[in-house]
Amino acid sequence: MRNVEFRIWRGDGKGGDFRTYTTGIDDGMVVLDAVHKIQAEQANDLAVRWNCKAGKCGSCSAEINGLPRLMCMTRMNSLPLDEPVTIEPMHSFPPIKDLVTDVSWNYEVKKRIKPFKPRKPDAADGTWRMQQADVDRVQEFRKCIECFLCQDVCHVLREHTKHDEFIGPRFFVYTAALEMHPLDTEDRVPDLKETDGIGYCNITTCCRQVCPEHITITENAIIPLKERVVDRYFDPLTRLFRMFK
Amino acid sequence: MASVDLIWKNGRFGQTSRRDAWWGESLLVFLGLGAFIVYGTWAAFQGNHYTHGPYLSPFYSPEIFGDSAHSWFGPKPAWFPDWMPFSPALLILWAPGLFRFTCYYYRGAYYKAFWADPPACAVGEPRNTYLGEKTLPLVLHNLHRYVFYIALLFIVVLGWDAIKATQFDDGFGVGLGTVILTVNACLLSCYTLGCHCSRHLCGGGLDVVSDSPIRHALYQFTSKLNGNHKKFAWASLISVGFADIYVRLCSMGIFTDVRFF
């Protein structure tokens, strides 16, 4: 066992600061284990949201040494332990208490996105037929666990607080899953341009870099959606071609 | 939509809890792109030492007007204004330059490296205002596909240059310059065909791609190239600069071209 120093942000929506804790770390521990140990031994009132401890529920999102990560999937031996390990709540959302943030804004955004609207069934029994080639692309997007780490790292939300004008990478992935679906008939392109703020994305790829499910957010979701916006609004040749098609 | 009250907004430039060398990648991009822009600008204004035997520097190809044997329409035309600096490269370099400037990969890279927007992921920025690519001038990046169409013509021309680089005075042959120009044309093709715009036009814009077998195959091919777009972006940038340096050194007599056969 090795003693490691942690700097954990303690506070609420009005503010807070870092407090230092030192605890013993065993082989194989993840950051969430250490936080639970500190909670049990030194800070019973430390608030932390968690559930599955397997990287599938997306509850324990936080910033570890400044980078958005899942606490349950960050092994202690992957961090430099000769200096304090810093743990903070996500910066893009209002803190409730300590490491717990209010992510309800995301659920409000999701309600706003036009839902799946399939074409008429292909068969008399009310079922559809799809080719695997057509659903390959959208299956990647279904891996999202809604941990909101991509929302947290996106500088449009984090630094520029464009929450009222920009839906963030998570919901571009969600929109892409619907918009590219072979059965879907809904048109979300005008919303992408006008209300979802896709033009704010300047392709930093930070969202893709922090995704614990390794979804290629920027290249497979956001840029293809940007290209669909270009088709509709910025490419007269494509529009002309569509007229004569 | 519910407003969000954050307590971490308006951080200082460079403010972060990151412990790693977050500035490293942006610094490398700044140095790499900066060096290329400085060298490319210098080379474009030279107007000489851009050919050697069958080799033509990619900075000067196609040579629309110029004094070399590679020129399509002869020397500098009489109608060209005297007050404007003339170089065959200045007539054409705007196209590949704009293609890279509006490329999705480079945009993300130079916003960080040259504009600190952001300087790196989860690092504080120098400005509080932000317009993104939603309004002028950056909304013009949406013209990327138009320069993509022009870039396609360039890879045809550079491919032809690579073939012509086998036609020496004494007949067919292959020199080190032939290999360099051929590799350069291949890398530029992989970069151009693998761009996000190409991927979209080939099939990415379709929801049901299985109905169009040719476009599906093209989409799969461009998607494979697109997966390595960053690598091809850098490899082709280096190769195009290196090809110009090679032709220039051979032309100046500093380096003697190696002839394999």
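Proteins come first, then strands; the chains are lettered A, B, ... in the order of their sequence lines, and each starts at number 1. These numbers come from a predicted model, not from an experiment.
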Heavy-atom pair with the smallest gap, counting every atom of [X] and [Y]:
| X | Y | result |
| --- | --- | --- |
| A/Q131 | B/S210 | CG-OG, 3.3 Å |
| B/L206 | A/R137 | O-NH2, 2.7 Å |
| A/Q209 | B/C121 | OE1-SG, 3.9 Å |
| A/A133 | B/H216 | CB-CE1, 3.4 Å |

Checking heavy atoms, do the side chain of [X], its backbone, both or neither come under 4.5 Å from chain A?
| X | value |
| --- | --- |
| B/T135 | neither |
| B/Y219 | side chain |
| B/H141 | neither |
| B/D211 | neither |
| B/R127 | backbone |
| B/L138 | neither |
| B/Y110 | neither |

Using 0.5 Å steps for rounding, measure from the [atom1] atom of [X] to the [atom2] atom of [Y].
| X | Y | atom1 | atom2 | answer |
| --- | --- | --- | --- | --- |
| B/N226 | A/T216 | CG | OG1 | 9.5 Å |
| A/D235 | B/H144 | CG | NE2 | 12.5 Å |
| B/N142 | A/D231 | CG | CG | 10.5 Å |
| B/T16 | A/E63 | OG1 | CD | 8.0 Å |
| B/R18 | A/T86 | CZ | OG1 | 13.5 Å |

Are any non-hydrogen side-chain atoms of [X] and [Y] less than 4.5 angstrom apart?
| X | Y | answer |
| --- | --- | --- |
| A/F234 | B/V139 | yes |
| A/N220 | B/R199 | yes |
| B/Y146 | A/P236 | yes |

For [X], which atoms come within 4.5 Å of any heavy atom of chain B: side chain, backbone, both, or neither?
| X | answer |
| --- | --- |
| A/D152 | neither |
| A/K193 | backbone |
| A/L237 | both |
| A/S92 | backbone |
| A/E179 | backbone |
| A/C201 | backbone |
| A/D102 | neither |
| A/D12 | backbone |

Notebook entry, point to check: Is any side-chain N of the basic residue among A/K226 and B/E133 closer than 4.0 Å to the acidic one's carboxylate O?
Noted result: yes
Notebook entry, point to check: Are B/R145 and A/E227 ion-paired here, with the side-chain N under 4.0 Å from a carboxylate O?
Noted result: yes
Next item on the list: Could you walk me through whether A/L67 and B/W22 pass side-chain contact (heavy atoms from CB on, under 4.5 Å), step by step?
Entry: CA-CA 10 Å; A/L67 277 174; B/W22 55 264; over 6 Å; no
Could you have a look at [options] and say which one has the most heavy-atom pairs with chain A under 4.5 angstrom?
| options | result |
| --- | --- |
| B/Y111, B/Y105, B/Y104 | B/Y104 |
| B/G205, B/S223, B/A109, B/A120 | B/G205 |
| B/P118, B/G132, B/G108 | B/P118 |

Strictly distance-based, threshold 3.5 Å: is any side-chain N or O of [X] a donor or acceptor partner for the main-chain N or O of [Y]?
| X | Y | answer |
| --- | --- | --- |
| A/N65 | B/R19 | no |
| B/K112 | A/T204 | yes |
| A/H160 | B/N128 | yes |
| A/R158 | B/V123 | no |
| A/N202 | B/R107 | no |
| A/D134 | B/V208 | no |

Check: Which one, A/H181, A/E83, A/K162, leads in non-hydrogen pairs under 4.5 Å with chain B?
Finding: A/E83
Notebook entry, point to check: For B/S17 and A/E88, does a side-chain donor sit closer than 3.5 Å to a side-chain acceptor?
Noted result: yes
Next item on the list: Classify the angle between the aromatic ring planes of A/H155 and B/Y130 as parallel (below 30°), tilted (30 to 60°) or perpendicular (above 60°).
Entry: perpendicular
